[in-house]
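Heads up: the structure comes next, in C-alpha cells.
Chain naming here is simple, since letters A, B, ... match the order of the sequence lines and numbering starts at 1 in each. Values reported hereafter were calculated over all heavy atoms of this structure, with side chains retained and with hydrogens, waters and symmetry mates removed.
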Amino acid sequence: MPELPEVHTILKQLEPHILNKPIQELYVSVKGQRLIKPRSPGDFSSKISGRKIIMVKRYGKFMVFLLDNEQQIIGHLRMSGRLTYSPKLLKHKHKHLHIKFADNGYLNFIDVRRFGTFHLVSNIGNYQGLQNLGIDALSPALSAEELYWKFQVTSKNIYKALLDQAVIAGLGNIYVNEDLYASSIRPITKARKLSLQEVRQLLVNIRLILKAAISFKGTTLLDKTYLDSAGDTGKFYKRLRVYDREGKPCYKCKTLIKRVRIANRSAFYCPKCQKG
DNA sequence: AGGGGTACCTGCGGGC
DNA sequence: TGCCCGCAGGTACCCC
C-alpha cells in the first residue's frame, strides 16, 4: 500500500506528537513474530525505554526514527501497515505494536496483512534494506542523466525498472502506472529504449505526481486499506488517471484502458496514448 | 540478468 | 447463503 506520498504524509503528521518525548515501553502482540528485530519484545523495549525520538526521516518507503543515543528504529509499512498516534491506549483487532511515551501517548502500528517490520539498529549503514536503496524520487540529487544511465544498463521494462527500489526509491504500483500514463510510455517498453529527453520528461512527471499526491495526503482506494495517521482517506484517488481503470475510457482519447500482468502485478495503460 | 513463481498474511468482491 | 477464486499501495527468495 503506502508509497512515497503516503509514508511522507504519515510521518509529517506524526512528528509533532512523537518527537522529544521519553519512551516508556514497547508493546508487541503475540502475533507479531516476524514484526520486530530484535525478536524479543522485552529486549527491544529495554533498549529504547527512556530514550527519545529526536528525528524522523524517510528513505523511499522506509521510515527511520533516530533516537537520542544514536540507535535507529527502521520501519516499513509494506502492503497494509498504518501508524497512528493516540493519547490513550488503542484497542484494535489488527494493532500489533505500540510505543508508549512517558506522557501517556501512544504510537500505534496497525497492519491487517502483517507484512510490516520494525528493526532496531545501532548502525544504519549496515542495514541491508537501505544499502540497496537507490536515490529517492524526490531528492534533488537524482538527475535525469543518472536515471537514463541506470536505464541504459538494464534490460528490464520500464514498469519493472521504476518499481525497482534500487533504481529509484519510493515509487509503487499506483504511482508507476500514473507516471507512465502521464509520460505516454507503455509499461512493457524496455527502459533502455527511452531517450534522454523522454527520461527527462518522465522524471518531471514523477515529481509532479508525487508532489500532487502529497498535497492530497496520498491515495486511498476503495478497500480503505490506506488511511493517514489521523484516520483520514488520501484524496489523490480523485486524480488517478489510469490505475485500476481497466475497461474504462481513457480520459484523453476514450480508448478503453487495458490491464496486463507483469511479474504478478497489474499494469494499466491506454493502448492508444501510451506508445512502446 | 531478468523473468516468473512463491511466500509472507488477511479480507473483500465476484461468480456460480 | 456460502464456497472458491482472484486480487490487493511490497519485498525477498528461489529456480530457470
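To the nearest angstrom, P of dG2(B) lies 15 Å from CD1 of Ile262(A). Leu77(A) has its CG atom 15 Å from the P atom of dG9(C), to the nearest Å. In this structure, CZ of Arg261(A) is placed 14 Å from C1' of dG3(B), rounded to the nearest angstrom. With rounding to whole Å, Arg78(A) atom CZ is found 11 Å from dG10(C) atom P. Rounded to an integer number of Å, the gap from CG of Leu222(A) to P of dC12(B) is 13 Å. When rounded to the nearest whole Å, the span between CD1 of Ile174(A) and C1' of dC7(C) equals 14 Å. Separating the NZ atom of Lys95(A) from the P atom of dC9(B) is a distance of 21 Å, rounded to the nearest angstrom. Here the C1' atom of nucleotide dT11(C) and the CG atom of Asp111(A) are 13 Å apart, to the nearest Å.
The side chain of Lys160(A) places an N or O atom within less than 4.0 Å of a non-bridging phosphate oxygen (OP1 or OP2) of dG3(B). When the side-chain nitrogen and oxygen atoms of Arg34(A) are compared with OP1 and OP2 of dC8(B), none of them lie within a distance under 4.0 Å. Between Arg113(A) and dG10(C) there is no side-chain N or O to OP1 or OP2 distance below 4.0 Å. A sub-4.0 Å separation between OP1 or OP2 of dG10(C) and a side-chain N or O of Lys61(A) is present. Side-chain N/O atoms of Arg259(A) include one lying less than 4.0 angstrom from OP1 or OP2 on dC7(C). A close approach under 4.0 Å does not occur between any side-chain nitrogen or oxygen of Lys190(A) and OP1 or OP2 of dG2(B).
Taking the six-membered ring for Trp, Phe118(A) and Phe109(A) have ring centres closer than 6.0 Å.
The structure places NZ of Lys254(A) at 14.5 Å from NZ of Lys248(A), a figure rounded to the nearest 0.5 Å. Taking CG of Asp103(A) as the start and NZ of Lys21(A) as the end, the distance is 4.0 Å to the nearest 0.5 Å.
For His76(A), whose side chain is taken as the heavy atoms from C-beta onward, the closest listed nucleotide among dG3(B), dT10(B), dT11(C) is dT11(C). Checked against dG3(B), dT11(C), dC9(B), the side chain of Asn157(A) finds its nearest nucleotide in dG3(B). Considering only side-chain atoms of Leu221(A), the nucleotide from dA8(C), dG9(C), dT11(C) that sits closest is dG9(C).
Geometrically, Lys217(A) does not engage Tyr226(A) in a cation-pi contact, judged by NZ or CZ lying under 6.0 Å from the ring centre and within 45° of the ring axis. For the pair Arg241(A) and Tyr251(A), the distance from NZ or CZ to the six-membered ring centre is under 6.0 Å and the angle to the ring normal is within 45 degrees.
Within the 4.0 angstrom heavy-atom criterion, only backbone atoms of the sugar-phosphate kind lie near Tyr243(A); the bases stay farther away. Residue-level contact check: Asn177(A) touches neither bases nor backbone, having no heavy atom under 4.0 Å from any strand.
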Inset, instruction - For DNA chain C, just give me the dot-bracket, please: Watson-Crick or G-U, both distances below 3.5 Å, ( ) intra-strand, [ ] crossing earlier pairs, | paired with another strand, . unpaired. - result: .|||||||.|||||||
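Tested against Leu162(A), the residues Asn157(A), Leu180(A), Asn177(A), Val167(A) include a single side chain to side chain contact (heavy atoms under 4.5 Å, CB included) partner, Leu180(A). The only member of Ile18(A), Ile10(A), Leu66(A), Leu14(A) that meets side chain to side chain contact (heavy atoms under 4.5 Å, CB included) when paired with Val56(A) is Ile18(A).
With hydrogens and angles left out, the side-chain atoms of Arg261(A) and Ser266(A) include a donor and acceptor closer than 3.5 Å. Thr84(A) and Asn108(A) form a side-chain donor-acceptor contact under 3.5 Å, judged by distance and modelled atom types alone.
Hydrophobic clustering (ILVMFWY, side-chain heavy atoms < 4.5 Å, transitive): Phe62(A) and Leu83(A) are in distinct clusters. In this structure, Val242(A) is a member of the same hydrophobic cluster as Ile188(A), with clusters built from ILVMFWY side-chain heavy atoms closer than 4.5 Å.
Anti is the glycosidic conformation of dG4(B), whose angle departs from 0 by more than 90°.
Within residues 165-173 of chain A, the residues having any heavy atom closer than 4.0 Å to DNA chain C are, in order of number, Gln165(A), Gly172(A), Asn173(A).
Residue whose closest nucleotide on DNA chain B sits further toward the 5' end, between Ser155(A) and Asn264(A): Ser155(A).
The ring of Phe115(A) lies on top of the base of dC8(B), close enough and flat enough: under 5.5 Å between centres, under 30° between planes.
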